[in-house]
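First, the structure itself, so that you have it in front of you.
Along the sequence shown, residues carry numbers from 1. Computed from a predicted structure; not experimentally measured.
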Amino acid sequence: EMEDSSSPLCVTCGQAHLPEENHLYSYTEEVDDDLICHICLQPLLQPLDTLCGHTFCTACLTNFLVEKDFCPMDRKLVILQTCRKSSILVNNLLDKLMVSCPFTEHCSEVVQRGHLEQHFQTQCKGASHYGLTKERKRRSQDCSPDHGSSLAVAALGPELSAAAAIALMTDEPGLVNPAFSPTSDDSQLGSSPGDLHRSNRNRSFPRLYHLIPDGEVTCIKISRTDPHENLAIRIVGGSETPLVHIIIQHIYRDGVIARDGRLLPGDMILKVNGMDIKNVPHNYALSILKQPCHVLRLTVLREQRYRCRNSGLSLHAHCNRDDSFHVVLNKSSPDEQLGIKLVRKANEPGVFIFNLLEGGMAARDGQLQENDRVLAINGHDHRYGSPESAAQLIQASEKQVHFVVSRQTRQQTPDLLQETGWSYSAGSSQPCSAERNNPSKSTLHTVTCHEKVVAVRKDHTESLGMTVAGGASNREWDLPIYVISVEPGGVISRDSRIKTGDILLNVNGIDLTGVSRSEAVALLKNTNSSVVLKALEMRACEVHEEQGHLPPPEDTQVTSESSEWSPSWVMWLGLPRYLYSCKEIVLRRNTSGSLGFSIVGGYEEHTGNKPFFIKSIVGGTPAYNDGRIRCGDILLAVNGRNTSGMMHACLARMLKELKGKITLTIVSWPGTFL
């Protein structure tokens, strides 16, 4: 009750409710039972059809399936991602239901449900009185979502709006990722997705990842008894990197997120308790995610996947069709031809425009293009229609033909998916030039390194008074040796030049790079009264972006007095190349020709060289089954060829054309622990 009373008025329905809850309306007429959700017993909102033929509100069915796995009507098995959005016809009928304006003291209007939000913005004095118009304007400026899975898709920016606006849920079940494991000891490298799926059944966390649909922005609520409890995840990304968004790299067993069971590695976190972190620096996002709270509300996006026609394997497909748009063609006579040829595609459902007859009506109009997908004709849902039925609907129109279509704006390859904002486009024919170097623009300016040599003296029985971590074969990652704590009053503390977070390069001339932690500890202990340490001090830089609207984040690097300091992901990115512990991974294409990962980054004229980062890994593919590639890894070379300075289109083309074994040289840094 306290939460409800403190909730702001919704800009869509005018009532107070939480973002993940259904809109509330006052209906003026009795609603047909076929349009009622039999979970909430209210008219359907964002209706979703199950395979067994029943329809429920998306929010109602999602919440129901958190604890159950069957249809509330006939108890048949239901998996959320096998459900599909209801037809345009059903949605039109629901939008036409008559509702009264909730601000009865100022307004007595009765309008169609689908027009209520517009009524608030243009006509309603009550909405203006309660500041709803200003609230809508504020949300449009700060990119706040309005509700659930339809969360203000346009606000996500061009690289996400298409994926979030996908009209249908995928038919792929939830995918288990090898990174969803406690440590490397528990990971099953090389296991098939089925094996991983079966092995997870005996784990302590629920397998509810299928409750987050692919390609949909989703709001979830996670409760924790201790507001300070760690989420037990690692994150990568941030606006200062080509990844741009905050992405879950790793989920640890028995943590808050694992116990909830809905999130997977690769999921993007867009908002935290209403605070937008879609395009903010890594450390700022970290400070938001670390804020203690009993109820954590996350707005997340899991990228769209589609099924390969040949192998049935899931291929990653960042949905590159723009939001649907409306086209009206006017006939001069009922018999006039539109001049378009419609066809099916083998690997996508529905009907597509194959070509436009030169000089025909559609070509003269200029709005439709080849390869447009036809979603609806004259209000009839045609997402799974045939060319024959489409032709009948067009011929039956005497004056006007209304199309709802979506358009693919960039060519995609089976291996790599270009993120909007980087230079690749389908029409690009730029040659693969040699590496391009622009020193002023070639690095991620997040951390600077300063080498220092420190000489200290101690009693032969005295310890240095510091704790180190890292080392080769350090569980999941090979890391340099670094200082995680300095004992107050100890030798290092009294000297004060070696600090928490420093990378130790050598001790008394003995190289510490490439050694294990136990070997490093033995070398540090086996010192006499004079100790010379060579170290690398990491200093965070200002990220020069237009972030003036953001409040200053809390310091995410714990001070040297704390024993709980841990390095952030962006610190590792700032290390010099000689400290990289590279690994070579050999992949073979699967039967569909896919390697199974997507990348972002590359050379751009206005930004210079950016590393190529692995953004996501697709279940059931060679990259996934290998088990060693993670979100946030840096791709340094392919078959020995350095990727630095390459444009995205060049690397995509090269990977697409390579045959046989493909050797990837990758450096992997642990994401920031939360």
Side-chain angles (χ1 to χ4, degrees), residues 1-48 55-63 85-155 165 217 219 271 274 297 299 323-324 326 379 404:
E1 291 177 2
M2 289 179 65
E3 283 190 346
D4 289 342
S5 64
S6 62
S7 300
L9 293 179
C10 173
V11 297
T12 301
C13 67
Q15 304 277 10
H17 64 81
L18 295 173
E20 65 269 23
E21 295 175 339
N22 272 339
H23 295 304
L24 305 171
Y25 295 100
S26 299
Y27 297 91
T28 60
E29 302 169 353
E30 186 174 349
V31 179
D32 190 294
D33 189 61
D34 289 335
L35 298 178
I36 296 292
C37 168
H38 288 274
I39 295 178
C40 66
L41 303 180
Q42 295 295 316
L44 291 159
L45 289 162
Q46 296 176 298
L48 207 58
T55 305
F56 306 95
C57 304
T58 294
C60 294
L61 185 60
T62 299
N63 290 333
K85 290 186 174 181
S86 299
S87 68
I88 294 175
L89 175 62
V90 171
N91 280 279
N92 286 344
L93 290 173
L94 290 165
D95 283 344
K96 289 179 180 178
L97 294 175
M98 303 305 293
V99 298
S100 60
C101 177
F103 306 112
T104 52
E105 67 275 28
H106 299 280
C107 180
S108 59
E109 288 288 323
V110 174
V111 298
Q112 292 183 5
R113 191 176 86 176
H115 295 163
L116 185 61
E117 185 175 356
Q118 184 181 4
H119 164 73
F120 291 154
Q121 305 310 315
T122 58
Q123 302 173 12
C124 182
K125 294 181 179 179
S128 178
H129 175 78
Y130 285 101
L132 213 60
T133 306
K134 293 180 180 178
E135 174 68 8
R136 177 68 182 185
K137 183 177 180 181
R138 181 191 68 79
R139 290 194 181 192
S140 67
Q141 290 173 344
D142 70 3
C143 303
S144 294
D146 289 335
H147 179 69
S149 298
S150 297
L151 302 172
V153 170
V217 179
C219 194
K271 286 202 169 191
R297 292 184 175 88
T299 302
D323 295 327
S324 59
H326 187 201
V404 177

Practice task
Working to the nearest 0.5 Å, report the span between CD of Gln42 and OH of Tyr27.
Solution key: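 Reported value, rounded in 0.5 Å steps: 7.0 Å.
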
Exercise for the section: Could you tell me whether the side chain of Asn91 and the main chain of Pro47 form a donor-acceptor pair under 3.5 Å? Expected result: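 Not a single qualifying donor-acceptor pair exists.
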
Problem - Separation between CZ of Phe56 and CD of Gln46, rounded to the nearest 0.5 Å - result: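 Between atom CZ of Phe56 and atom CD of Gln46 there are 15.5 Å.
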
Exercise for the section: Decide yes or no for His115 and Thr122: does some side-chain heavy atom of the first lie under 4.5 Å from some side-chain heavy atom of the second? Expected result: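 Counting from C-beta outward, His115 and Thr122 never come under 4.5 Å.
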
Problem - Contact check, side chains of Asp33 and His38, non-hydrogen atoms, under 4.5 Å - result: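 The answer is yes, as the side chains (C-beta and beyond) meet within the 4.5 Å cut-off.
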
Exercise for the section: For Thr104, enumerate each residue passing the side chain to side chain contact (heavy atoms under 4.5 Å, CB included) test, keeping only those at least two apart in sequence or located in another chain. Expected result: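 Partners of Thr104 by the side chain to side chain contact (heavy atoms under 4.5 Å, CB included) criterion come out as none, since no residue qualifies.
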
Handout entry: Taking every non-hydrogen atom, the tightest pair across Leu45 and His23
Key =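 Closest approach of Leu45 to His23: CD1-O, 3.3 Å.
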
Exercise for the section: Describe, in one word, how the ring planes of His106 and Tyr130 are oriented to each other, choosing from parallel (under 30°), tilted (30 to 60°) and perpendicular (over 60°). Expected result: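 His106 vs Tyr130 ring planes: perpendicular.
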
Problem - Heavy-atom side-chain contact between Lys85 and Leu48 under 4.5 Å - result: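 Of all side-chain heavy-atom pairs linking Leu48 with Lys85, at least one is under 4.5 Å.
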
Exercise for the section: Grab the two heavy atoms, one from Leu24 and one from Ala16, that are nearest each other, plus how far apart they are. Expected result: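 Residues Leu24 and Ala16, closest heavy atoms: CD1-O, 4.1 Å.
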
Problem - Least distance between heavy atoms, Gly14 atom then Phe120 atom - result: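 In terms of heavy atoms, the two residues are closest at N-CE1, 3.4 Å.
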
Problem - Nearest heavy-atom neighbours spanning Cys13 and Leu116 - result: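 Nearest pair, atom of Cys13 first, then Leu116: O-CD2, 3.9 Å.
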
Problem - Minimum side-chain heavy-atom gap Pro43-Ile36 below 4.5 Å - result: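 A side-chain contact exists here, since the closest heavy-atom pair is under 4.5 Å.
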
Exercise for the section: Return the minimal non-hydrogen interatomic distance between Phe103 and Cys124, and the atom names on each side. Expected result: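 Residues Phe103 and Cys124, closest heavy atoms: CD1-SG, 3.9 Å.
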
Exercise for the section: Enter the distance from Leu93:CG to Ser87:OG here, rounded to the nearest 0.5 Å. Expected result: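 Answer for the CG-OG pair, Leu93 versus Ser87, is 8.0 Å.
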
Practice task
With rounding to the nearest 0.5 Å, note down the distance linking NE2 in His17 to SG in Cys10.
Solution key: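 Rounded to the nearest 0.5 Å, the NE2-SG separation comes to 3.5 Å.
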
Practice task
Answer yes or no: is there a side-chain heavy-atom contact under 4.5 Å between Ser100 and Thr28?
Solution key: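 Touching, per the 4.5 Å side-chain cut-off.
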
Handout entry: Spacing of Ile39 atom CD1 and Cys57 atom SG [to the nearest 0.5 Å]
Key =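 The distance works out to 7.5 Å.
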
Practice task
Measure the spacing between CD of Gln112 and CG of Leu97 and express it to the nearest 0.5 Å.
Solution key: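 Output value for this atom pair is 9.0 Å.
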
Practice task
Indicate the atoms forming the closest heavy-atom contact of Gln121 with Val11, along with that distance.
Solution key: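 Of all heavy-atom pairs spanning Gln121 and Val11, the closest is NE2-O, 4.2 Å.
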
